[in-house]
Every structure is written in C-alpha cells, then in structure tokens.
Amino acid sequence: MTLSRLAATLSIAALSAPSLALAATVFIPEGSANSILMVDPETGETLGRLPELEAIHGLAGAPGAKYLVAGSFTEIDRAEAASSAKPEGMSQDDHEAHHAKRDTSAMPAEKGLSLVTVLDAETREVVQRIEVPGAVHHTAVSPDGRFAVATHPSGDGISIIDLETLGFRGFVPTGPMPNYAVFAPDGGKVYVTNTGNGTLSEVDVGRGYVTRNMPVGEGPEHLVLNATGSAAFVADSDGGKAYRVDLPSGAVTDTYDIGGELHGLGLSDREGVLFVAAKGTDRLISIDLATGQQREASLSPAPYHLTTIPESGKLMVSSRAEPKVWIVDQASLTASGEIAIQGEGHQMVVLP
C-alpha cells in the first residue's frame with residue numbers, strides 16, 4: 001500500500017471512530033421564518049424554537065461562553081430601533097440608556113441600522129439588543145466569550161461588540177462585501193473574508209483595526225480555522241475552489257479544485273479532512289488534507305451551510321432550496337436523516 005493510500009485509509013478510519021460524546025444542542029437560524037430551531041444532533045429531535053428573531057442569518061457562540069449572538073439581515077429605521085421592545089428583565093432606565101443618542105464617531109452615521117440580539121446561552125432568553133451599522137450576514141464569538149463581531153456586506157466592514165458591557169464597541173472597515181468571520185484561538189484577532197476584492201483581513205479586535213490583508217481567490221466567502229490558528233481554509237464561492245492559507249506567512253499553500261458554486265466548510269475532529277458544500281452542483285465533498293484526495297456524494301438540492309458535530313462522526317448540512325437540514329455521516333458522506341425546519345437554515349451553532 002502506498003503512503004498516500006495509507007493516509008487516506010487512516011483518515012477515513014479516524015472519521016469512523018466510535019462516538020465519545022455528542023453535543024447537546026444544535027441551534028439552526030431559520031432566516032425568513034424569524035426564529036432559531038434547537039435540535040438534538042444524535043436523534044434530530046426538535047428541542048424547541050426561539051421566536052421573534054427577525055431574518056436571522058448569522059448566529060455564533062463558543063463552548064463555555066455566556067452568550068449566543070444573532071444578527072439580523074434586515075435593516076430598520078432609527079425610530080423603530082428606539083421603540084423596539086426592551087428585553088424581559090431589563091429596567092426601563094437601562095433600556096432608555098441603551099437607545100440614547102450615540103457618539104457619531106463610534107456608530108457610522110452614513111451606514112444603515114440593524115439589531116444584533118444577545119441571548120443567554122443557557123436559558124435562551126434575550127438579554128440585550130444592540131444597534132449596529134447595517135444588515136448583518138454572519139457573526140462570530142471569541143473563544144473566551146469576551147467579544148463578538150458581525151459582518152456587514154453592504155457596509156464594507158465589521159462591528160465589534162463587547163460582550164462584557166453588552167454594547168457596540170466600534171466599526172472596522174475591512175473591504176468590499178465582508179462575508180464570514182472566525183476568531184483566532186486566543187481571541188485577540190478575527191479573520192474576515194472580503195468577497196468583493198478577494199482578500200482575507202486580519203483584525204486586531206482590542207485595537208479595532210486591520211493589521212493585514214491577504215489575497216485569497218476571486219470571491220472568498222465561508223471560512224474555518226484549524227485549532228491552533230496556524231491555517232485558514234477558505235471557500236471561493238464563484239471560483240469553485242477552496243484554499244489553505246498559512247496564517248503566519250499569509251500565503252496560499254494549497255488549492256483544491258472542486259467546481260461549481262461553493263458554500264459551507266467544516267473540519268473533522270482531528271482536522272485531517274475538510275468538508276465542502278458544493279451548492280451549485282448538489283454535492284458534498286470531503287478532502288483528505290494529507291493527500292489532497294477528494295471524495296464526493298450527491299446531496300440535493302443545494303447543500304448550503306455546514307457544521308461538524310464534535311466527537312460524533314456527523315455533519316449537519318442545510319439546503320438552500322428546501323426547508324430541511326440533513327444529518328450526514330462523515331465517513332460515507334451519506335445522509336442518515338433529515339430535519340424539517342422553517343425558512344432557510346443559515347449559520348448553525350453546536351454547543352455542549
């Protein structure tokens with residue numbers, strides 16, 4: 001047996017390893033249904049639904065972090081924001097202070113306005129709604145639970161949110177059409193794909209500025225980092241390729257030709273395999289990162305957002321064309337079940 005075949009065999013065997021522990025809950029934003037569905041990742045059983053969360057596309061959390069952060073893709077006028085219902089348990093004084101006139105140097109006046117909703121990760125209750133400059137596509141929460149960011153495709157930048165004070169911290173221009181964001185393991189940096197100019201921005205969160213921009217493909221969108229933060233994997237949606245970026249050097253070190261329009265990405269537990277939702281060609285792709293070998297399976301219609309379920313050997317993949325999420329075996333790439341949802345399944349979050 002050649003070394004490349006041995007590596008591929010070992011990768012598949014690792015994916016087939018017995019489950020050690022399953023995450024307790026997967027949170028699925030339901031987009032136009034204005035809600036978040038909670039499901040058991042092992043059985044697909046519905047655990048509940050969080051309503052009255054308008055046009056939620058971006059949803060983020062982190063194991064052990066206090067909050068979930070949901071971003072709305074709908075812009076509202078300032079009068080509507082000021083009159084929005086205060087979260088239960090918030091005093092009227094605190095509510096009015098939250099909606100008081102803001103320093104225009106902190107909140108860009110020329111941008112639109114949207115709301116980010118902060119939910120208690122344990123109780124699922126809304127604890128704060130924070131005004132941000134424009135519609136939110138995706139969100140990210142730092143591993144230490146200290147910060148969150150929201151991407152604004154129409155505003156060419158990101159919002160930084162302080163999760164200790166539950167307030168808007170600042171706006172950082174990153175580039176045209178920022179799409180996806182992922183924090184470095186230490187929480188001090190966040191990486192943002194800019195679809196409009198083919199770059200990956202590295203942002204110093206504490207200081208609130210871009211430290212460097214790295215060229216990555218034509219139109220980078222979804223993004224995932226390895227556990228050490230030494231490499232990023234990026235989906236070039238319209239280019240039909242995925243890239244590995246060495247973050248210390250900023251260089252693209254590997255290119256994976258897949259074809260068609262791409263969307264969600266995920267890494268296996270031991271990070272030997274990259275999963276890609278090939279939305280435009282109705283395929284789910286796995287790439288052995290040691291050998292570059294690709295496997296594929298039909299998944300129709302329009303596989304969209306993707307998340308791996310830690311220590312389970314499973315994936316969850318939403319469909320852009322139908323209201324459902326597939327439960328997929330990582331080793332065989334076959335769907336073992338479907339979860340009926342409302343609306344469209346967007347940025348899913350797995351919490352223990």
Do [X] and [Y] come within less than 4.5 Å of each other through their side chains, counting heavy atoms only?
{"X": "Tyr180", "Y": "Tyr191", "value": "no"}
{"X": "Val118", "Y": "Leu68", "value": "no"}
{"X": "Thr151", "Y": "Val149", "value": "no"}
{"X": "Leu247", "Y": "Met214", "value": "yes"}
{"X": "Phe183", "Y": "Lys189", "value": "no"}
{"X": "Thr74", "Y": "Ser114", "value": "no"}
{"X": "Leu333", "Y": "Arg295", "value": "yes"}

Are His222 and His263, when compared by the centres of their aromatic rings, separated by less than 6.0 Å? yes
Establish, yes or no, whether a centroid distance under 6.0 Å links the rings of His346 and His138. no
Is [X] reaching over with its side chain to a backbone N or O of [Y], donor-acceptor style, under 3.5 angstrom?
{"X": "Thr43", "Y": "Glu45", "value": "yes"}
{"X": "Asp254", "Y": "Arg244", "value": "no"}
{"X": "Ser142", "Y": "Phe147", "value": "yes"}
{"X": "Gln347", "Y": "Thr139", "value": "yes"}
{"X": "Thr281", "Y": "Gly260", "value": "no"}

Are a donor atom and an acceptor atom from the side chains of Ser32 and Glu344 found within less than 3.5 Å of each other? yes
